[in-house]
Structure formats: structure tokens, C-alpha cells
Amino acid sequence: MLKQRPIELLAPAKNLECGIEAVNHGADAIYIGAPRFGARAAAGNSLEDIAELVRYAHIYNVRIYVTVNTILRDEELSETEAMIWDLYRVGVDALIVQDMGITRLNLPPIPLHASTQMDNRTPQKVKFLAEAGFRQVVLARELTLDEIARIHSACPDTPLEVFVHGALCVSYSGQCYVSQACYGRSANRGECAQFCRLGFDLVDADGKVIARNKHLLSLKDMNQSENLEALLDAGASSLKIEGRLKDVSYVKNVTAYYRQKLDAILKRRKEYCRASSGRVHLAFRPQLDKSFSRGFTDYFVHGRNPGIFSFDTPKSLGEEVGTVKEVRGNWLTVAGVKPFSNGDGLCYMDEQGKLHGFRVNRVENNRLFPQEMPRIKPKTKLYRNFDQEFERTMQKKSAERKIAVWIRLSENAFGFTLSLTDEDDCSVSVSLPREKELARTPQVENLKNQLGKLGNTPFEAEEITVDWSENWFIPASELSELRRKAVDKLLSARKIGYRNEICRLKETAHPFPAQELTYLGNVMNAQAAAFYRSHGVRKVAPAFEKEAPEKAVLMFCKHCIRYSMGWCPVHHKVRSPYREPYCLVSSDGRRFRLQFDCKQCQMKVYADE
């Protein structure tokens, strides 16, 4: 018999509303911020809201993962421990963590997932984490298919989580210290200042300006929608959408889009299967270019490529909708490839490469009347980053998720029995004690019609059978009450039958892949240091946030500015016309020196002294 591997579509939720809609639109699992310490300071959630999301999601066998993935101070550990017990009691399925100090707390038997903030990019690191008891490992975004496959080969029983959509950090996650160095805001403590989205001048060693006011560290957004099958074949089992600060419209649209793409693969590839229950019915057509994006890239999944960066703007361009034909006093005409609506938000790049936007007040065929007339010229390309009609659709009920159920109405010695069996083979029966009486007219079709009215319940009838020896009569009110009791009983049975995974960490002494840890280990507390020492690490340096080393690398980037300029000595076989080292100069005059490490194929960013 073919052994199937469950495939999980993992969606983000900044709050309860987003989490419920992620379930409705097809997620197999949701990740949401804890009340504290969740790596997005602006995306904490109350315990009550998390409990409500757990109750709703578990009806569909959707799992809830809570992020507790900041590094922690010693005095925060006891509060974290208490919070973890609270999360366990409300039924959370797993915690996504970064700080190894958590593993030495008095924990409930809840699975731990290794956050991408741990910098998980080698088979050795992932194998270590698996042996330390981590149930799932979130891989670095920069990995290629071959690198993912090598990790899977080394750890075939460890579920691997990969990002498939959303914003990209230019530095390896967990290895970015520039926000802390410049603003005292630690990315490892959920307070990233978005340094990589700023504009910079690029200057050479002689002070010559190579590029002026460009967003040289700003990347496009990831989109692996055409690579999902290849990622599964490489060993990924959890496909993660980025976006714990995104609004509900984004969560609905992107989750639904990936649900459709993934379902098409699962239909063909029987070795893979769904990780949750229920079928999604959509009231709209998902389109990725309708949601926030800086343009799309599949990043390094097929190796290095020139299409990963977005130097002109860190803002959302949206979809291309046409070209300006004519500009008049208070209107402009457009050679459009898509229709427009009153209230649309449009944008364009001017001749200097700067992004400008305007709101459409009124539309008459291909003539647009902006709220304020932009300084725009004919032949300029227009993009739509706010689609009024699409957003209106997203604000309404846009999907429902239904669990298939087989309904059987039969007779017994003292009346009738209604049995429900759902797609997960959960079965219940309820009885109606009633003296049997023959009906005057045929009843079967009417009975099926009444039993199939499952309305706002999570269920939909797949098949309805009436198994009677005679044409019996049951009043509609009694049949409705019987159906209601059966549905309530099935819901209760599904809740009782849901099983959270029990996972207890064992103390091990297997060696960590390195014997020394620099500030890159992000060790903020004594318990984390003790963890590493128990695994053979002889020297443990404190985290950057605790003690900033001199001349430290502030960012480690797979993205390379020299490569993006066409001067890579390895790939382009071309020497740069400018003398190194290069510096990035921010608008406030700060300088950041670039170092190109061709052996590791990465770019390092230092504070220039």
C-alpha cells in the first residue's frame, strides 16, 4: 500500500480574524504570534483569541502553531514558561522557537519547531535540531532545491518547512544585526526597523557615486507557486506563506491561490495527501497580483539569478494595467489591458525612477479622472496596487469550507435512526422514538431535501440514503430537530477525537556542529548558553544585543550588489570598473562597507568606521 506524505499549507495570521479566514480559504495550519515574544512586536495576540482560533481550526483538523521565536533575557524565561503552559492548556499544536533556553524550561509535552531565525541551512544543523527533539524545522529562504534535497536525505523523518510566498529579508534570518546597531531595535527580538527597504547611494573606494538613492538591499517578494511540486519532491512537507503583519484580504487571496495550486498537485500525485479536512468553496478568483507585492521572484530555488531585487522602490507596484495615451487638464486616457473602477489606486515610475501614485475618482471607458492630477507623461506604464472591486469582494464573505458527510436515515424497532459519517470516518447516530405511520405521498425526495439542509454548519452532504421498508411519515419539525442533534453530536465527536501530538524533549548530549559560538549564535540567557555547553560547545559568546563585538558583520546576504551590477568575477567573468571596497551611504550620512565573499557566495555588510 502506498504510504502518503501529508503536505501542509501553512498560512499566517496577525489576529483572530485573519486566522479564521486562513482556515476558511484552505490552510492546513496557521501560525500566529504569542501574547509576547513572537518575533513581530506589533503582532501579539491574546490568549483568549488564540483559544478561539484553536477551537475553530480543530474542527477541520487544522493545526495552530504559535510563534515564541525571539531571543530572551534571563528575567523573561519564567514569564515565557508560564505563557507556554497557558498556550498548551488552550490546545495549541506546536511552538515555533528560536531561543535554545526554552528547551531547558519546565515545558508541557508540546512539539517545538525550529524557527528560520535559527539559520537552518545545512544538513548538519537540521540533523542536530532533529536529534535535540525539534519536531519540524523551518529552513532558510535562500536554499536551492538541491540543498533542500540534501537536508531531506540526511533527515528523512524530519518535516521540513519552506517559505513559498511573501516578503524577503535580504540577510539570512537570525543573522541580521543592522537594526540593533543603528537604532537599538533588535530583529531577533521582533523590532526590525526595515533598514533593508531604505534608499542608499553606492560609492566606491575613491568616493565615486556608482548609484544614487537606490533601494539596493530591497528584494522582490517570493513567489514559488510554479515550483511547489519540485519543492515537495525535494523533501519539503510544509509550505509557508509569509505575512504575520498582512491584512485579511492578503491572507484570503494568497491562501486560496496556493490551496488551488496545491490541490491540483495532490490530485495527480497520490504519494502526497492533504494534512487537514474539508473542501473550500470560493466566491472569487484568487490572483496574486491583486495583493501587496514588490514584484515576484523565486529567489535562489533554481540557483542565483538576476531577477531578485527591486532597486527602484520598496513599495507595492501591483499589476500592470496599461499605458498612458493622452494627458488633459483633469483626465487622462489609457490604453488599458484591464478594466478600471472608481476608487482604484494606480502608480507609475517617473523618468528618474521614482514611484508616484494617485487615486482614480471616476472612470469613463478608458478615460480616468484622478482625485489629484499626477505629473505624468504619455507612454508611461501604469500599475494598479489597489483594486477597488477586488477589495470589495474581499471584505465580504469570500469562501466557506465544508467537511463531506454521508447521511443515512433508517428505521429501528421503536422509531428511526439518523447516522452521519464524515470524510475522516467519524460516525455518530441519534434516534427518534416515534410510532410509525404511513405517509399519503412519496417521502424519499422530501426527506433527502430536508436532511441535506446543513446550512451554516461545517458540513455538506456527500450522499443521503433513506433505508426504509415502507413510505413512513416524519413531520418536518421533528426531522429538523433530529438533524440538528446529529450535527451537534458529530461536531462534539470531532472535537473529542482531535488529538494534539504529545512530544517531550529528551536530554541529549549529541555534539553541536561547531565547538565555538560567536555572537551569531544569538545566546541571550544563561539557559541557552548551558544548552550549547551540554552539547560540546566550549566557548559561547553573548548575543549581539547583549554585547556588541567590534567590527562585527551586521548582515550576511546571499543577494550580492556586485552580481546585480553585472560585475561578478565568478558568474560574469567581468572586473568591476570601480575600486573596492564599496560603501552604502544612507540619507543620514551613515556608511556601510560591503565585503564580497566569493568562496561562500555571499555579501557581508559592516558599519564603516
Side-chain angles (χ1 to χ4, degrees), residues 6-33 43 45 49-50 52-65 93 161-167 221-225 228 238-267 272-293 296 387 389-404 423-424 454-460 494:
I7 302 302
E8 174 180 275
L9 179 61
L10 178 56
K14 75 173 180 180
N15 55 30
L16 174 60
E17 181 192 13
C18 287
I20 287 174
E21 291 304 339
V23 174
N24 292 341
H25 289 72
D28 299 304
I30 314 289
Y31 66 105
I32 187 169
N45 290 274
D49 278 358
I50 293 171
E52 179 64 28
L53 180 57
V54 166
R55 285 191 289 271
Y56 185 76
H58 283 181
I59 293 170
Y60 300 93
N61 289 324
V62 170
R63 290 178 172 153
I64 300 301
Y65 306 148
D93 292 280
E161 186 177 312
V162 299
F163 282 90
V164 294
H165 197 87
D221 286 1
M222 180 183 276
N223 178 350
Q224 302 290 4
S225 59
L228 299 184
S238 178
L239 307 176
K240 186 173 195 169
I241 299 165
E242 182 277 339
R244 274 201 298 124
L245 295 178
K246 294 294 198 300
D247 60 22
V248 71
S249 171
Y250 174 96
V251 171
K252 287 180 172 186
N253 184 34
V254 177
T255 303
Y257 186 90
Y258 277 87
R259 180 74 270 156
Q260 289 186 338
K261 296 287 285 189
L262 188 53
D263 283 347
I265 295 169
L266 300 184
K267 193 174 181 180
Y272 304 128
C273 64
R274 280 281 301 273
S276 64
S277 308
R279 184 186 305 142
V280 174
H281 303 280
L282 297 176
F284 72 106
R285 183 169 72 87
Q287 299 169 77
L288 292 181
D289 58 7
K290 297 291 188 184
S291 292
F292 182 100
S293 83
F296 291 128
D387 186 320
E389 283 302 310
F390 190 79
E391 288 302 318
R392 280 198 187 112
T393 301
M394 291 294 93
Q395 297 312 313
K396 302 172 188 172
K397 181 178 179 180
S398 51
E400 60 179 12
R401 184 166 177 167
K402 297 293 186 179
I403 299 164
E423 63 186 68
D424 299 307
L454 296 172
N456 293 324
T457 75
F459 305 108
E460 63 182 355
R494 288 185 67 84

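These values consider heavy atoms only, across backbone and side chains, with no hydrogens, waters or symmetry-generated copies.
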task = Determine, step by step, whether Arg279 and Glu423 satisfy the salt bridge (Lys or Arg N to Asp or Glu O under 4.0 Å) criterion, reporting the C-alpha distance in whole Å, the side-chain angles of both residues, the deciding distance to 0.1 Å, and the verdict.
result = CA-CA 10 Å; Arg279 184 186 305 142; Glu423 63 186 68; over 6 Å; no

message = Angle between ring planes, His25 versus Phe284, binned at 30° and 60°: parallel, tilted or perpendicular?
response = tilted

inquiry  = Phe163 vs Gln224, test: side chain to side chain contact (heavy atoms under 4.5 Å, CB included). Steps then yes/no.
reply    = CA-CA 8 Å; Phe163 282 90; Gln224 302 290 4; over 6 Å; no

ask   = Within a strict 4.5 Å, meaning less than it, do heavy atoms of the Ser276 and Arg401 side chains meet?
value = yes

Between CD on residue Glu460 and CD on residue Glu400, distance to nearest 0.5 Å = 8.0 Å

query = Can any side-chain N or O of Glu242 pair as donor or acceptor with the backbone N or O of Ala167 at less than 3.5 Å?
reply = yes

remark   = Nearest heavy-atom approach of Val62 to Ala27 is CG2-O, 3.3 Å

ask   = Does the side chain of Tyr250 come within less than 4.5 Å of Ile241's, by heavy atoms?
value = yes

query = Where do Thr255 and Leu9 come nearest, in terms of heavy atoms and distance?
reply = O-CD2, 3.7 Å

query = Between Ser293 and Asp221, does any side-chain donor sit less than 3.5 Å from a side-chain acceptor?
reply = no

Ile265 CD1 to Leu228 CG distance, which is reported to the nearest 0.5 Å = 4.5 Å

query = Side chain of Ser398, backbone of Met394: donor and acceptor closer than 3.5 Å?
reply = no

task = Using modelled atom types only, decide if a donor and an acceptor are shared between the side chain of Tyr258 and the backbone of Val164 within a distance under 3.5 Å.
result = yes

query = Within a strict 4.5 Å, meaning less than it, do heavy atoms of the Leu282 and Gln260 side chains meet?
reply = yes

request  = Verify, without hydrogens or angle tests, whether Asn45 (side chain) and Gly33 (backbone) share a donor-acceptor contact under 3.5 angstrom.
outcome  = yes

query = Atom CZ of Arg55 and atom CD1 of Ile50: how far apart are they, to the nearest 0.5 Å?
reply = 11.5 Å

query = Hey, what do you get for CG (Asp263) to NZ (Lys267), rounding to the nearest 0.5 Å?
reply = 9.5 Å

inquiry  = Can you give me the closest heavy-atom contact between Leu53 and Ile64, atom names plus distance?
reply    = CG-CD1, 3.7 Å

request  = Please determine, by modelled atom types, if Glu8 and Tyr65 share a side-chain donor-acceptor pair under 3.5 angstrom.
outcome  = yes

key: Flag side-chain contact, heavy atom, 4.5 Å: Arg494 against Phe459   = yes

query = Distance only, no hydrogens: is a donor on one side chain within 3.5 Å (strictly under) of an acceptor on the other, for Ser249 and Asp247?
reply = no

query = How many angstroms lie between CG in Asp93 and CD1 in Ile30, if you round to the nearest 0.5 Å?
reply = 11.0 Å

request  = Decide yes or no for Val280 and Tyr60: does some side-chain heavy atom of the first lie under 4.5 Å from some side-chain heavy atom of the second?
outcome  = no

key: Arg244 side chain to Pro12 backbone, donor-acceptor under 3.5 Å   = no

ask   = Do Val251 and Lys14 have side chains that get closer than 4.5 Å, going by heavy atoms?
value = no

task = Flag the pair Arg259 and Asp28 as a salt bridge only when some basic side-chain nitrogen lies within less than 4.0 angstrom of an acidic carboxylate oxygen.
result = yes

ask   = Do Ser291 and Lys246 come close enough that some side-chain heavy atom pair is under 4.5 Å?
value = no

query = Any side-chain heavy atom of Leu10 within less than 4.5 Å of one from Arg63?
reply = no

task = Locate the shortest heavy-atom distance separating Val23 from Ala57; write the atom from each residue and the value.
result = CG2-CB, 4.0 Å

Ala13 versus Ile32, closest heavy-atom pair with distance = O-CG1, 3.4 Å

ask   = If you look at every heavy atom in Arg285 and Phe390, which pair is closest and at what distance?
value = O-CE1, 3.8 Å

